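Contents: one structure, followed by commentary.
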Amino acid sequence: MEKRFVPIFMVFFSLLYLSSAYFPSSLADTLISAVSGALIVLLFWQMRGWILWMCLALVLAGTALLAASGASAEAYAQALRFHAGIATLFVVIPLLALPIQQGKFERAMKEVLTAYGKNATAYSLLTMLMNFVIAIFVNMGAYILVHSLTGRSGGRWRIVQGKSLLRGFVCSILVSPYFVAMGMITLYFHVSWIEVTSATCWIVLVMFLLHYVEMRWKFGKMEEPVEERAPARDGVETVSRGAKIKLFQLGVSMLVFTAVLLLIESNTAYPMVTLVCTASLFAPIIGFMLLKQTGALIPALKEQYLYGKLPMIGKEVALMLCAGFFSDAFRESGLTDRMLAWLPDGGGPSGWLVLAAMTAVLYLFSVVGFHPIIVVTVILSVFSRADLGFPAGVVPAIILSVWALSLGLSPFSGSGLLLAGLMKTSSFTISVVWNWKYTLLATLLMFAVAYILY
C-alpha cells in the first residue's frame, strides 16, 4: 500500500506546486511547505543506505543553521519549499519519454547505425549523437534505449560504447531545458535558456570534436565484426524510407515542442522550469493523439510512469528537497555573505582563478562520493550573487558545464551507476578510468571557449 501511495502523493505535490505557480497566494505557499515536509518524511521511510544519511545530514544541518540565526517559522517553511519547482521537474519529466517509447522510433535509429556505423569512429559519433538527442527529452532513460541499439561484442567495442553513451549524456545536460541542472541555473541566475545555451552550444561542439579525435586516434581502424553485420538489401546498405520518415517525425516534434516553450518563455514572466513542468503534463496526451494510440495512454501512465518510473526517482526527489532546505538555510544564516566577502571583485585573472578553484572543488567532491547537487547548491547560492566582473552568461555557462562534466566523472552519480549496470562494468571504471583524461581536456577547452566568447 505504501509503495503505491507515495507515487500518487508525488504527483499531488507536483500539481499543487504548478497551481501555486500560476495562482500564487500565501495559503498556497503554506500548503506546499506542508506537503513538501510530508513528502520528505514519506521518502525517508522508504530510503536506505548512504542516500538516507546524506538527506538526514542536510536537513539537520539546515535546521541547525536556521536555529542559530533565530529564524521564524516562515523561514523554515520557505526552506522546505525552496526547491519545490526543481523537485516537480524530477517528477513530471519522465512523462516526456512515454510518446517516444510508444512510437517505437528505435528501429529507425538502429537502421541508421547499421548503415553508417561500420567503423569505430562513425559508430562512436552516432552513438554519442543518439544518446545526446534522446537524453535531451528522456534524461537517463536514453541510456537504456540507446544501449539496446548499439551493443556489439568485444571488449574494445564495449569501451567505445561506454565512452560514447556517457559523453552524449553529458553534452545533453548543457543544452536541454528539461534537465534539473538547467532549471537550477536559470532560476538562481535569473537568466533565460537562450542566454545560457548561446555559450554552452559551442562547448558541446568542442566536446564532440574532442571525442571524435580520441576515437579516431585510438579506434579509427577498428571495423564492425563480420558476424554481426546485418544483411544488405539489394546489395546496398541504406536506410529505408520508413525509417527516414520516423526520424523526421521525431526530430520535427522535438523542435516544435521546444520552440513553443521558448516562445512562451520569451513572452511571459514564467520561468522555464514552470513551463517545462506544465508542458510535460500535456506531452503524453498530445503525443499519443499524434500516434493515434490514445487507448494506450492510461495503461502507459499507470504501468510505465506511476508505478514504473516514479518509484525509482524517489531518492532524487528527496535529495533535491533536502538540498534546497539546506541551501536556503545556508543563505539565510549569513554564511553566503561571508563567503562573498572572500571573493575578489572585478574580472581579470582573479575571476578566472576563482572559477578554476570552483571547478576543482566540484570535481574532487564528486569523485570522492558527494552528490554534485549538494555541492552545487552551495556554489549557486554564492556565485549567483557574486560579481566577478564577467558578462552575464559566463558564470552560469561555466557552472552548468562543470556540473555536467562532474556527473560524467563521478562514480556515484545516477547516470554513472545506471550505465555501469547496463555495461556490466564498475561505475569507477566508466566514470574515472575511461573518462578522466577526456574530462580534463574538455574542461580546459571549456575555459578556452568561454574566454574567447567573452
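Scope of the values below: all heavy atoms of this structure, side chains included, with no hydrogens, waters or symmetry mates. Predicted, not measured: the structure shown is a model, and the values here were computed from it. Position 1 is the first residue of the sequence; numbering continues from there.
Between Asn435 and Ile430 the shortest side-chain heavy-atom distance does not fall below 4.5 Å. Contact check for Val206 versus Met446: no side-chain heavy atoms found under the 4.5 Å cut-off. With contacts defined as side-chain heavy-atom distances shorter than 4.5 Å, the pair Leu261/Trp193 does not qualify. Leu355 has its side chain out of reach of Val402: every pair of non-hydrogen atoms, C-beta onward, lies at least 4.5 Å apart. Side-chain contact between Gln249 and Leu290 is absent, with no heavy atoms from C-beta onward closer than 4.5 Å.
Listed by first then second residue, pairs satisfying salt bridge (charged side-chain N to carboxylate O under 4.0 Å, His left out) with a partner in residues 160-178 read Lys163-Glu214, Arg167-Glu214, not counting sequence neighbours. Pairs engaging residues 80-97 under the salt bridge (charged side-chain N to carboxylate O under 4.0 Å, His left out) rule: Glu74-Arg81 [sequence neighbours left out].
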For this session: Step by step, work out the side chain to side chain donor-acceptor pair (under 3.5 Å) result for Tyr363 and Thr439.
Result: CA-CA 10 Å; Tyr363 285 167; Thr439 301; over 6 Å; no
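In terms of heavy-atom proximity, Ala243 sits nearest to Ala108 at O-CB, 3.5 Å. Summarising the geometry of Ser164 relative to Val160, their closest heavy-atom pair is OG-O, 2.7 Å, with the distance given to 0.1 Å. Nearest heavy-atom pair across Trp434 and Gly162 is CZ3-CA, 4.1 Å.
One N or O on the side chain of Ser381 and one on the backbone of Val378 form a donor-acceptor pair closer than 3.5 Å. Judged by distance alone, the side chain of Glu111 and the main-chain N or O of Ser240 form a donor-acceptor pair under 3.5 Å. A donor-acceptor distance shorter than 3.5 angstrom exists from the side chain of Ser406 to the backbone of Trp403, with no hydrogens or angles considered. Side-chain N or O atoms of Thr186 include one that pairs as donor or acceptor with a backbone N or O of Gly183 at under 3.5 Å. A donor-acceptor pair under 3.5 Å is absent between the side-chain atoms of Thr127 and the main chain of Gln161, judged by distance alone. Judged by distance alone, with hydrogens and angles left aside, the side-chain atoms of Ser124 form a donor-acceptor pair with the main-chain N or O of Ala120 at under 3.5 Å.
A centroid separation of 6.0 Å or more is found between the aromatic rings of Tyr123 and Phe219. A centroid separation of less than 6.0 Å is found between the aromatic rings of Phe179 and Phe169. Taking the six-membered ring for Trp and the full ring otherwise, Tyr270 and Tyr22 have centroids separated by under 6.0 Å.
In this pair, Phe208 and Phe132 present their aromatic rings perpendicular. The plane angle is above 60°, beyond the 30 to 60° band. The aromatic rings of Tyr188 and His83 lie perpendicular to each other, with more than 60° between the two planes, well past the 30° mark.
Annotation: Phe428, atom CZ; neighbour count of heavy atoms from other residues, nucleotides and ligands within 6.0 Å does not exceed 12. Within 6.0 Å of CH2 on Trp202 lie no more than 12 heavy atoms contributed by other residues, nucleotides or ligands. By the neighbour-count criterion of 12 heavy atoms within 6.0 Å, atom CZ of Arg385 is densely surrounded, having more than that number from other residues, nucleotides or ligands.
The CE atom of Met272 sits 7.5 Å away from the OG atom of Ser266 when rounded to the nearest 0.5 Å.
Here Val41 pairs with nothing under the side-chain contact (heavy atoms from CB on, under 4.5 Å) rule; sequence neighbours left out.
Remark: the Ser33 side chain and the Tyr76 side chain contain no N/O donor-acceptor pair separated by less than 3.5 Å.
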